[in-house]
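Taking it in order: structure first as structure tokens, then the write-up.
Residue indices begin at 1 and follow the sequence shown.
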Amino acid sequence: MLTSWAGLKARVGLGCLALLLVLPGYEAQAGIIDRVKDIYGMPEQVGQLQEQYEDTKRQLEQSRQQMEEAMARSEEAARSFQETQDKLLRENEELKMHNTRLEQTLRQLEEARYAQSVRNRQIAWTALTAAGLALLYFALTRMVRFALWRRGRGGMPGGPE
């Protein structure tokens, strides 16, 4: 059993020696050293990642606050716009009612002006007719007097006949 144990040791030793000869030694060492450096550099990388996380978190918070402020401003602008629109609609309704009253007043004034012009024409026609009748009366009375005068004169002694 001792021989077998010694033989096994020798075989494992020879296998390791062959393995060391076959594999390049510098590359294995460099890989291990790089990994050790990476392991020792991990806390620094974690610190950098944590700083980046905190910066990103702050930027996100600032963006959120800016969005909330913008949202509040837009809500205020919408509220102000709605109030202005309601005010303008009320004023528009008031102006419509005022316009309707003015149109009615204007219509009444036009009707009154038309009625007055009709009345003035009637007065003018009446006055012209009265003046014409008076003139006709004077003309007829003169003609009748002239005719009577001529008739009365013809029968008088010393008259033209």
Assess the side chains of Gln82 and Asp86: does a donor N or O sit below 3.5 Å from an acceptor N or O? yes
In this structure, CZ of Phe146 is separated from CZ of Arg151 (nearest 0.5 Å) by 12.5 Å
Heavy-atom donor-acceptor pair, Ser80 side chain to Glu76 backbone, under 3.5 Å: no
What distance separates Lys57 NZ from Asp55 CG, expressed to the nearest 0.5 Å? 12.0 Å
Could you walk me through whether Arg107 and Glu111 satisfy the side-chain contact (heavy atoms from CB on, under 4.5 Å) test, starting with their C-alpha distance in whole Å, then the side-chain angles of each, then the deciding distance to 0.1 Å, before giving a yes or no? CA-CA 6 Å; Arg107 209 173 307 117; Glu111 289 172 359; 4.1 Å; yes
Would you say that Glu91 contacts Leu88 through its side chain, given a criterion of any heavy-atom pair below 4.5 Å between the two side chains? yes
With a 6.0 Å cut-off (strictly less than), is the heavy-atom count around CZ of Arg113, excluding the residue itself, greater than 12? no
Reported CG-to-CG distance for the pair Leu128 and Leu135, which is rounded to 0.5 angstrom: 11.5 Å
In Å and rounded to the nearest 0.5 Å, what is the CG to CG distance from Leu95 to Leu102? 10.0 Å
Kindly compute the distance separating CD (Glu103) from NE2 (His98), expressed to the nearest 0.5 Å. 11.0 Å
Give a yes or no on this: more than 12 heavy atoms of other residues, nucleotides or ligands lie within 6.0 Å of atom CD of Gln50. no
Between Arg79, Gln85, Lys87, which is the residue that forms a side-chain contact (heavy atoms from CB on, under 4.5 Å) with Glu83? Arg79
Could you go through Arg64 and Met67, starting from their C-alpha distance and side-chain angles, then the distance that decides it, and tell me whether this counts as side-chain contact (heavy atoms from CB on, under 4.5 Å)? CA-CA 5 Å; Arg64 186 185 64 77; Met67 286 178 60; 5.7 Å; no
Distance, nearest 0.5 Å, that separates CD of Glu61 from OG1 of Thr56: 13.0 Å
